[in-house]
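What follows is a single structure, written as structure tokens, with notes after it.
Residue numbers run from 1 in the order of the sequence given.
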Amino acid sequence: MPLKAAIIPHLDEISPESLITGACNTIVKVPIPTGGGHKLVGQNTDILGVRNTLTRALRSQFPAGTVISPDASYAAQTGAGAIIGGGATTRSAAHALSLLGLSPLFLVNRDPAEVHAVQSTLSHLTIIHLTNSEDVQRHLGQRESPTVLMVVGAIPATPPATPQERGVYSTVSTLLAIPYVKPAQTQSDKGLPIPDRRIFLEMAYKPRVTPMLRLALAHGWHGIDGVQ
């Protein structure tokens, strides 16, 4: 949503998470200890929401009693992540995936300017633009390609109407259809467990089962709707 970025100049202070992502979805009215009054502090709770939802889904794939630390992450080069979108929610999702240790991150978007804006804001992350199915095959369909373990959808749930919008769905379908070979994980690795089924989190929630979530489920992914 554009307001997640537009509101920031009107706030007295923002959290480190909002500063990193250039996004604020929550405003907290904080008393000023000296002099009275209050200040408006912007927070980004999307990051925590995405991270917690993904780890909760991951935990559900393993036996009851499996403990996953809130601060756990994957070891370097374990797996990659992907996001569909280009706005403030996309930036929050990308940051959340990076906190889980997923790298590089792949961004599906039909607008190069939006992709550049995300890459500029999150310049500390490796974010690769996927413009079409050919890009997916080149970056993710080769023997040495990284394995995408988690995907976050962050676009409106309206059915694709234009050729460009249908192209996004075609690109995502190619990504979701890549065969999954679960990466090996040693017993000494105390990080996050690798999922038996790759996880797809849909941020949109109206309708509850969106066209994008339906596509992920059809490809056998562990789908999570936006209400979660």
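Taking every heavy atom of both residues into account, Tyr74 and Pro195 meet most closely at OH-CD, 3.4 Å. Here the shortest heavy-atom pairing between Thr90 and Ile84 reads OG1-O, 4.2 Å. Between Leu40 and Ile27, the shortest heavy-atom distance links the atoms CB-CG2, 4.0 Å. Across every non-hydrogen atom of Cys24 and Gly42, the tightest pair is SG-CA, 3.5 Å.
Under the 4.5 Å side-chain criterion, counting only non-hydrogen atoms from C-beta, Ile83 is not in contact with Val118. Taking 4.5 Å as the limit, some side-chain heavy atom of Tyr169 sits within range of a side-chain heavy atom of Met212. Side-chain atoms of Val181 and Thr147, non-hydrogen and from C-beta on, never get closer than 4.5 Å to each other. A heavy-atom distance below 4.5 Å is not found between the side chains of Glu17 and Leu48. In this structure, Val50 and Met203 have side chains that are in contact, with non-hydrogen atoms separated by less than 4.5 Å.
Taking Thr174 as the reference, Ser133 meet the side-chain hydrogen bond (donor to acceptor under 3.5 Å, both in side chains) condition, with sequence neighbours excluded. Applying the salt bridge (Lys or Arg N to Asp or Glu O under 4.0 Å) rule to Asp225 yields the partners Arg208; only residues at least two apart in sequence or on another chain are considered. For His219, the side-chain hydrogen bond (donor to acceptor under 3.5 Å, both in side chains) test picks out Ser173, with sequence neighbours left out. Listed by chain and residue number, Asn44 satisfy the side-chain hydrogen bond (donor to acceptor under 3.5 Å, both in side chains) test with Ser92 (two or more places apart in sequence, or in another chain). Residues passing the side-chain hydrogen bond (donor to acceptor under 3.5 Å, both in side chains) test with Asp111: none are found, sequence neighbours excluded.
Distance check, rounded to the nearest 0.5 Å: CG of Leu130 to CZ of Arg138 gives 9.0 Å. In this structure, the separation between CZ on Arg51 and OG on Ser73 is 7.0 Å, given to the nearest 0.5 Å. In this structure, CD1 in Ile47 is found 7.0 Å from OG in Ser15, a value given to the nearest 0.5 Å. Taken from CG in Leu175 to NE2 in His139, the straight-line distance is 11.5 Å, to the nearest 0.5 Å. Taken to the nearest 0.5 Å, the CD1 atom of Ile14 stands 5.0 Å off from the CD1 atom of Ile8.
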Please set out all donor-acceptor pairs under 3.5 angstrom arising from side-chain atoms of residues 148-164, sequence neighbours excluded.
| unit_1 | atom_1 | unit_2 | atom_2 | d |
| --- | --- | --- | --- | --- |
| Thr162 | OG1 | Gln164 | OE1 | 3.4 |
| Thr162 | OG1 | Glu165 | N | 3.1 |

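Counting heavy-atom neighbours within 6.0 Å of Tyr205 OH, excluding the residue itself, gives a total of 12 or less. Counting heavy atoms of neighbouring residues, nucleotides and ligands inside a 6.0 Å radius, atom NZ of Lys39 does not exceed 12 of them. By the 6.0 Å contact criterion, CD on Gln77 is open, its count of non-hydrogen atoms from other residues, nucleotides or ligands being 12 or less.
Although no hydrogens or angles enter the test, the distance criterion places no donor-acceptor pair under 3.5 Å between the side chain of Ser120 and the main chain of Ala117.
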Subject >> Stepwise side-chain contact (heavy atoms from CB on, under 4.5 Å) check, Thr171 with Val136 >> reply: CA-CA 7 Å; Thr171 303; Val136 174; 3.6 Å; yes
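A salt bridge between Asp46 and Arg91 is absent, with no side-chain N of the basic residue lying under 4.0 Å from a carboxylate O of the acidic one.
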